[in-house]
There are 2 protein chains.
Amino acid sequence: MSHGPDIARIGALIGDPARAAMLTALMSGKALTASELARVAGIGAPTVSAHLVKLTEGGLIAVEKQGRHRYVRLAGAEVAEALEALLGLAQSRGHLPFRPGPDDQAMRRARVCYDHLAGEMGIALYRALQAGGALALTPDGLALTDRGQGLLDGLGLDMPALMRARRPACRTCLDWSERTHHLAGGAGAALLTRFQELGWLRPRQTSRALRVTLEGERELPRLFERLGQAGQGPPGP
Amino acid sequence: MSHGPDIARIGALIGDPARAAMLTALMSGKALTASELARVAGIGAPTVSAHLVKLTEGGLIAVEKQGRHRYVRLAGAEVAEALEALLGLAQSRGHLPFRPGPDDQAMRRARVCYDHLAGEMGIALYRALQAGGALALTPDGLALTDRGQGLLDGLGLDMPALMRARRPACRTCLDWSERTHHLAGGAGAALLTRFQELGWLRPRQTSRALRVTLEGERELPRLFERLGQAGQGPPGP
DNA sequence: GCAATGTTTCGCCCGGGAACGAAGTATGGA
DNA sequence: TCCATACTTCGTTCCCGGGCGAAACATTGC
């Protein structure tokens, strides 16, 4: 009767609390082992094993065997995007077990969204790039302008690799805490990596939230301002 | 343990085949009655009633009582967007019960995505607007340029109402069949309405797919070309 | 007021699937 | 070689939740 892809299958996969917890944990972008996931989801090893089979068959995760560990990560940026969309919906529908604790605040400030930066910092980055004329709409979607390429190059990103990659450099991703878009894609990923290399952001053990170091606290706003001002020539219409 | 909105609740709602069928049917943007949904989902009236309670409590649908009928529609554009994202994921993961039948082809060509145009036609519209310089990135997201406003006004859209509305005029939405973005938001909705008024597109009884009338077949490509050429002055950076 | 239609409530059945314990298999280190 | 760790497989239990039929409730039209 109803045509189109089978949404129920995926919904059911996400619909189990244990699996949802695992997937949410994997939004950190890190590859976690089966036992780590067991801890996160609050279930035993056998149960996790069963869940991993289902998630793999469903194409939501990829599993890599390495020695006696089994590393699990999301199957791709697409999956992360869809999950983020669901997170946004869940948030807006009040389905949030949210007592705004300290970790929650940290999440809103800066967090990993699969492989790029999200939260207030992610939004600030995206806006700065936009204000600086680094991004442009093309018929094929979002793209880096020449100026944008220059800016990122100046930050020390490996631009040739970025432009060569099959993955689109720029995509937008819906930020569930800020209810706007932030930058995803190859450039988004490279920027997060770079910020961590520079010691401005530091991952946490326990959650997707990122710690903004003292240096980051000083340098990131400065950077955003610089990026934003770069576009003080021809602003878009 | 894992923080963030409760994704499992919504996943579970979407995860039931009957509910998924109902939600997919509601992506047509039409308000359907409970019994129509029963037919779509292939279940009985009592079961539908129970599902409607859950979906309402979950904030995914809105129900409006009218006489002895109960009209059901999606709770908002947000829900439609998230569903479309899931449709895209399901499609890419091969979870598609797809024998490319005639209806499927029609869906890919033109269909309703909640309240705006999707499929090949939707993509073509979006690209034409972009090529014509009708759209611009702003720090607040996608927006209509002055030229864009002029173009849409020329098409007979009620621009004052559009700009006055609280709803953002332009948003992007992921097209699951074309794997790119198309235009959503107030302008997207208004354009679809206008195309139907002009008799270029006609809704079908049975599915989200739209019929492109003979006039539409002639006029839509012409329109897209005109829109795209409008930007032959100052193209973006 | 009465019959027809649309929807909900109740009670029941039934299946699927999530969870665990125990035992089995692989890997790494002493 | 032998044990410890990480994970899987198997078998079992158990409960949640979808489904229907029957009956109640609501609304419209005659």
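Heavy-atom basis, side chains included; hydrogens, waters and symmetry copies ignored. In what follows, every chain begins at residue 1, and chains take the letters A, B, ... in the order their sequences are listed.
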One thing to verify: whether Glu57(A) and Lys54(A) come together as a salt bridge, which I'm taking to mean a side-chain N less than 4.0 angstrom from a carboxylate O. no
Which whole-number value in Å describes the distance from Leu52(A) CG to dA19(C) C1'? 15 Å
Under a 4.0 Å threshold between the charged nitrogen and the carboxylate oxygen, would Glu84(A) count as salt-bridged to Arg171(A)? no
Between Pro17(A) and Gln66(A), the residue closer to the 5' end of DNA chain C by nearest nucleotide is Pro17(A)
Select base, sugar-phosphate, or nothing to describe what Ala18(B) touches, counting heavy atoms under 4.0 Å on all strands. sugar-phosphate
His69(A) vs dT5(D): side-chain N/O to OP1/OP2 distance below 4.0 Å: no
I need the CD1-P distance between Ile43(A) and dA6(D), as an integer number of Å. 17 Å
Using atom CD of Glu57(A) as one end and atom P of dG17(C) as the other, report the distance to the nearest whole Å. 12 Å
At under 4.0 Å, does any side-chain N or O of Arg70(A) touch on OP1 or OP2 of dT8(D)? yes
Calculate the interatomic distance between Glu36(A) atom CD and dT5(D) atom P; express it in whole Å. 16 Å
Does a salt bridge link Glu78(B) with Arg179(A), judged by any charged N lying under 4.0 Å from a carboxylate O? yes
Output the single nucleotide from dG17(D), dT7(C), dG19(D) whose closest atom is nearest the side chain of Lys54(B). dG17(D)
Rounded to the nearest angstrom, tell me the gap between atom CG in Leu32(A) and atom P in dC7(D). 11 Å
Rounding to an integer number of Å, can you tell me how far Ile14(B) CD1 sits from dG18(D) C1'? 18 Å
Taking the nucleotide of DNA chain C with the nearest heavy atom to each, does Ser35(B) or Ala45(A) sit closer to the 5' end? Ser35(B)
From CD1 of Ile61(B) over to C1' of dT7(C), roughly how many Å is that when rounded to an integer? 14 Å
Which part of the nucleic acid, if any, lies within reach of Ala34(A) when heavy atoms closer than 4.0 Å are counted: base, sugar-phosphate only, or nothing? sugar-phosphate
Classify Lys65(A) by what it touches in the nucleic acid, base, sugar-phosphate, or nothing, heavy-atom distance under 4.0 Å. nothing
Could you tell me how far apart His51(A) (NE2) and dG16(C) (C1') are, to the nearest whole angstrom? 14 Å
Pick from Gln91(A), Arg111(A), Arg109(A): which one makes a side chain to side chain donor-acceptor pair (under 3.5 Å) with Ser177(A)? Arg111(A)
Let me know, please, whether Arg68(A) or Pro46(A) comes out on the 5' side of the other along DNA chain D by nearest nucleotide. Arg68(A)
Classify the ring geometry of Trp200(B) against Phe195(B): parallel below 30°, tilted from 30° to 60°, perpendicular beyond 60°. parallel
Counting only side-chain nitrogens and oxygens, does Thr47(A) get under 4.0 Å of the OP1 or OP2 atom of dC20(C)? yes
